[in-house]
S.K.: 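One structure coming up, written as structure tokens, with questions to follow.
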Amino acid sequence: MTLANKVIVLDFETTGLSPNNADRAIEIGAVKLIDGEIVDSFQELMNPGRSVNSFIENYTGITNAMLKEADSCEAVMTRFANFIEDFNLVAHNASFDKKFLDAEFEHCQQQYSGQFACSLLLSRRISQDAPNHKLGTLVEYHQLPNDGVFHRALADATMTAHLWNHQLQLLQQQLPHKAITFELINQISKRPKAQVSGYLQSL
DNA sequence: TGCCAGGCCCTCTTTAGGGCCTT
């Protein structure tokens with residue numbers, strides 16, 4: 001059984017919203033989390049082979065000049081494949097990061113075997129009183145550690161890791177005699193919001 | 001030529017529409 005607290009938490013910065021629209025990754029950041037401790041990290045810029053627009057430069061602080069000096073997406077993502085091994089994967093709005101991971105790994109013919117969990121879907125279910133479920137809002141709402149940097153890959157991945165740890169603690173408080181597994185979290189994340197409370201009580 | 005993300009989730013729903021989240 002795979003424990004929920006042995007995961008890779010990752011975040012992409014990209015040229016846009018969709019690989020289907022020829023968007024590419026420009027930065028990958030990730031932390032390796034074991035038993036709630038960050039034991040390793042990964043962050044690299046990558047050259048997408050095209051220029052990014054001014055919105056992305058302003059949003060991320062990653063400039064075309066920075067990307068021009070970076071290794072190719074294929075080179076960086078091949079190194080990232082070695083970093084994640086067979087760990088399960090966590091991201092905030094994981095559907096976004098998963099589609100870029102799938103697309104970039106296809107470009108460099110890499111594969112991964114872990115499953116994804118999504119801190120956004122989990123938050124919508126176990127933190128229903130939060131004002132919204134943006135990563136920055138949740139960091140403030142839960143008073144999680146941060147260094148004031150947002151929209152850079154390692155900073156966002158690290159904040160997501162703190163959020164993930166906090167979410168595991170919230171679940172463990174509600175289910176003190178239950179092992180909080182990755183599979184259980186994905187079961188909770190698939191439940192209709194209105195049924196989550198009853199589902200947790202049934203466990 | 002004209003289009004341009006897409007999965008999730010709620011509701012004034014399911015023969016649909018729109019807001020939320022990610023860059």
Side-chain angles (χ1 to χ4, degrees), chain A residues 7-31 42-67 70 73 76-77 80 89-107 112 115-142 144 146 149-164 166-167 185-200:
Chain A
V7 298
I8 300 285
V9 186
L10 64 97
D11 183 74
F12 278 106
E13 306 304 318
T14 68
T15 64
L17 290 171
S18 175
N20 291 336
N21 204 23
D23 285 318
R24 298 294 301 267
I26 60 174
E27 186 178 44
I28 177 70
V31 297
F42 187 102
Q43 178 176 41
E44 287 202 49
L45 293 170
M46 59 191 108
N47 187 336
R50 44 170 285 201
S51 60
V52 300
N53 62 36
S54 59
F55 171 81
I56 295 298
E57 284 191 315
N58 292 328
Y59 186 76
T60 65
I62 299 169
T63 66
N64 283 299
M66 293 162 67
L67 295 175
C73 295
V76 172
M77 293 308 296
F80 187 62
L89 305 163
V90 173
H92 198 67
N93 199 13
S95 65
F96 175 86
D97 293 282
K98 181 179 186 299
K99 67 185 179 183
F100 274 97
L101 183 64
D102 290 348
E104 292 300 341
F105 269 12
E106 188 169 342
H107 280 300
Y112 63 96
Q115 300 293 309
F116 263 95
C118 177
S119 56
L120 168 64
L121 296 183
L122 186 58
S123 180
R124 284 176 173 160
R125 285 160 178 81
I126 69 173
S127 299
Q128 297 190 20
D129 292 336
N132 61 59
H133 301 278
K134 295 177 183 176
L135 179 59
T137 300
L138 294 173
V139 166
E140 182 177 3
Y141 178 72
H142 295 299
L144 302 174
N146 71 90
V149 176
F150 293 88
H151 310 307
R152 286 298 299 267
L154 183 58
D156 283 4
T158 303
M159 287 187 287
T160 303
H162 290 308
L163 174 62
W164 176 255
H166 186 72
Q167 291 174 318
I185 287 172
N186 274 335
Q187 286 296 317
I188 294 169
S189 297
K190 285 190 287 190
R191 291 268 160 175
K193 277 173 62 177
Q195 296 179 14
V196 169
S197 178
Y199 178 65
L200 291 177

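Throughout, protein chains are lettered first and strands after them, A, B, ... in sequence-line order, and every chain is numbered starting at 1.
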S.K.: Report the residues that fulfil side chain to side chain contact (heavy atoms under 4.5 Å, CB included) with A:Ser123, sequence neighbours left out, ordered by chain and then residue number.
M.R.: A:Ser127, A:His133, A:Leu138, A:Gln167

S.K.: Taking the same atom, C1', in B:dG6 and in B:dT23, what whole-Å distance lies between them?
M.R.: 13 Å

S.K.: Ignoring hydrogens and geometry, is there a side-chain-to-backbone donor-acceptor pair from A:Asn186 to A:Phe116 under 3.5 Å?
M.R.: yes

S.K.: B:dA5 C1' sits how many Å from A:Lys98 NZ, rounded?
M.R.: 15 Å

S.K.: Mind calculating the distance between CG (A:Asn21) and P (B:dG2) to the nearest angstrom?
M.R.: 18 Å

S.K.: For A:Ser18 and for A:Lys193, find the nucleotide of DNA chain B with the closest heavy atom, then tell me which residue's nucleotide is more 5'.
M.R.: A:Ser18

S.K.: Ignoring hydrogens, what is the shortest heavy-atom contact between A:Glu57 and A:Thr63? Give both atom names and the distance.
M.R.: OE2-CA, 3.3 Å

S.K.: In whole angstrom, give me the gap between the P atoms of B:dT13 and B:dG7.
M.R.: 24 Å

S.K.: A:Asn132 and A:Thr137: side-chain donor and acceptor closer than 3.5 Å?
M.R.: yes

S.K.: In whole Å, what is the span from the NZ atom of A:Lys190 to the C1' atom of B:dG7?
M.R.: 15 Å

S.K.: Once you round it to whole Å, what is the distance between C1' of B:dC8 and CG of A:Leu122?
M.R.: 14 Å

S.K.: Expressed as a whole number of Å, how far does the P atom of B:dC20 sit from that of B:dC12?
M.R.: 16 Å

S.K.: When rounded to the nearest Å, what value does the distance between P atoms of B:dT1 and B:dT15 take?
M.R.: 37 Å

S.K.: Please table the atom pairs, donor to acceptor, closer than 3.5 Å between any side-chain atom in residues 187-199 of chain A and protein atoms at least two apart or in another chain.
M.R.:
{"unit_1": "A:Ser189", "atom_1": "OG", "unit_2": "A:Ile185", "atom_2": "O", "d": "2.9"}

S.K.: Side chain of A:Asp11, backbone of A:Leu154: donor and acceptor closer than 3.5 Å?
M.R.: no

S.K.: Classify the nucleic acid contact of A:Asn20 as base, sugar-phosphate or nothing, counting any heavy atom under 4.0 Å across all strands shown.
M.R.: sugar-phosphate

S.K.: Quantified in whole Å, what is the P atom distance between nucleotide B:dC9 and nucleotide B:dC4?
M.R.: 25 Å

S.K.: Treat primed atoms plus P, OP1 and OP2 as sugar-phosphate and everything else as base, then score nucleotides 18-23 of chain B 5' to 3': B for base contact with protein heavy atoms under 4.0 Å, S for sugar-phosphate contact only, - for none.
M.R.: --BBBB

S.K.: Please name the pair of heavy atoms, one in A:Leu89 and one in A:Leu10, separated by the smallest distance, quoted to 0.1 Å.
M.R.: CD2-CD2, 3.8 Å

